[in-house]
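Below is one structure, written out as structure tokens; the observations come after it.
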Amino acid sequence: MAPGAAMVQGAAAAYCGRFAPSPTGPLHAGSLVAALASWLDARAHNGRWLVRIEDVDTPRCVPGATALILHQLAACGMVPDEAPVYQSSRSALYQTALDSLVANRLAYPCGCSRKDIEDAWAAQGHARQRHGELRYPGTCRDGLHGRAARAWRLHTAEHGAITWQDRRLGPQQQNVNHETGDFVLKRADGLWAYQLAVVVDDAAQGITHVVRGEDLADNTPRQILLQRALALPEPVYLHTPLVRGANGEKLSKQNQAQALDLSQPVAALRAAGQMLGVQADAATVPDWLTCACRQWRERYTQAQ
Ligand code: GLU
């Protein structure tokens, strides 16, 4: 049975989807694909669609970006069913989740800096990695060794491979312990890590279906592990194709992707729809969305 199926069938949980942008800049052609797919999937299931502003990483947030994103979504006909929630105001929820993990010995404080982690791997004969996320070697799993706590990590050692069924990518699996090791829940700078915040919020908001960009697919097993550790329901996942620039790289705010051109919302929707295999032909935003929703329903809701 697909993860989340028990929840969806057994408790007949009403479909609830979300788009969860980080306000680090305006929407671009790539983020519109994820927004549109999550909206179409919710509407095709006659479900609710929420927007959550993922502004936990405050230093990366850009003033005015949230208002711009909501305006861009509205121009493309996508208005959330409830007022957006802001992660920056939900620290108490994340702290409660961390406290419960600590009480169950599933999370622990870590005193390692990045250099400590690099040194630990170098001491075992591994080449130094200058960029990217380093797998945590588990140094503080059995105590801080007299150092001050910097971050908090999830204990991943006891688990085998996490398997799940992505609605577009098919069967997936990852051994989190081998891939990332005990990952960070609360960062050394005191900010909440994306993994914890997203899992707590998806559950608190009753999200049954997560539809988001494929660049986040490899985060899913960490999130499933956390859902299990916190005894939370597992949503169903669909990861959408990434839009690539002329250089083949994924479009992102980091590589200066152009903000959406709002003078032509139908053209922007048409381009996003093409990435999703939806080819609606209509002159206005509402007509385009209605037509696209019909196609999406045929494509993505029949076999479920
Ligand atoms: N905030 C994340 C981003 O903008 C998306 C998180 C998610 O959809 O789970 O990339």
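Note: hydrogens, waters and symmetry copies are ignored here, and every other heavy atom, side chains too, is used. In this text the structure is predicted, and so the values were computed from the model without any measurement. Count residues from 1 along the sequence. Each ligand, and each atom within it, is numbered from 1 in the order the structure gives.
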- request: Examine ligand 1 and decide if any of its atoms is less than 4.0 Å from a heavy atom belonging to Gln223.
  value: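 So Gln223 does not count as touching ligand 1.
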message: Yes or no: does Tyr194 have any heavy atom under 4.0 Å from an atom of ligand 1?
response: yes
Among Gln95, Arg153, Arg150, side chain to side chain contact (heavy atoms under 4.5 Å, CB included) partner for Lys186: Gln95
query: For ligand 1, which part of Asn219 has a heavy atom less than 4.0 Å away: the side chain, the backbone, both, or neither?
result: neither
Proximal ligand 1 atoms for [X], defined as those under 4.0 Å from one of its heavy atoms:
{"X": "Arg212", "value": "7 (C), 8 (O), 9 (O)"}
{"X": "Arg18", "value": "7 (C), 8 (O), 9 (O)"}
{"X": "Ser22", "value": "1 (N), 2 (C), 3 (C), 4 (O)"}

Give every donor-acceptor pair under 3.5 Å between a side-chain atom in residues 61-72 and any protein atom, sequence neighbours left out.
| unit_1 | atom_1 | unit_2 | atom_2 | d |
| --- | --- | --- | --- | --- |
| Gln72 | OE1 | Leu27 | N | 2.7 |
| Gln72 | NE2 | Leu27 | O | 3.3 |

field: Distance-only N or O hit between ligand 1 and Val198, under 3.5 Å
entry: no
message: I'd like to know if Asp189 and Arg187 make a salt bridge, using a cut-off of under 4.0 Å between side-chain N and carboxylate O.
response: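 Yes, this pair counts.
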Asp55 and Arg60 ion-paired at < 4.0 Å: no
Only distances under 3.5 Å count here; give the side-chain donor-acceptor pairs of residues 136-143 to other protein atoms, sequence neighbours excluded, each with its distance to 0.1 Å.
| unit_1 | atom_1 | unit_2 | atom_2 | d |
| --- | --- | --- | --- | --- |
| Tyr136 | OH | Cys140 | N | 3.0 |
| Arg141 | NE | Asp182 | OD2 | 2.8 |
| Arg141 | NH2 | Asp182 | OD2 | 3.2 |
| Asp142 | OD1 | His145 | NE2 | 3.4 |

- prompt: Using 30° and 60° as the class limits, which term best fits the ring planes of Trp39 and Trp49: parallel, tilted or perpendicular?
  reply: perpendicular
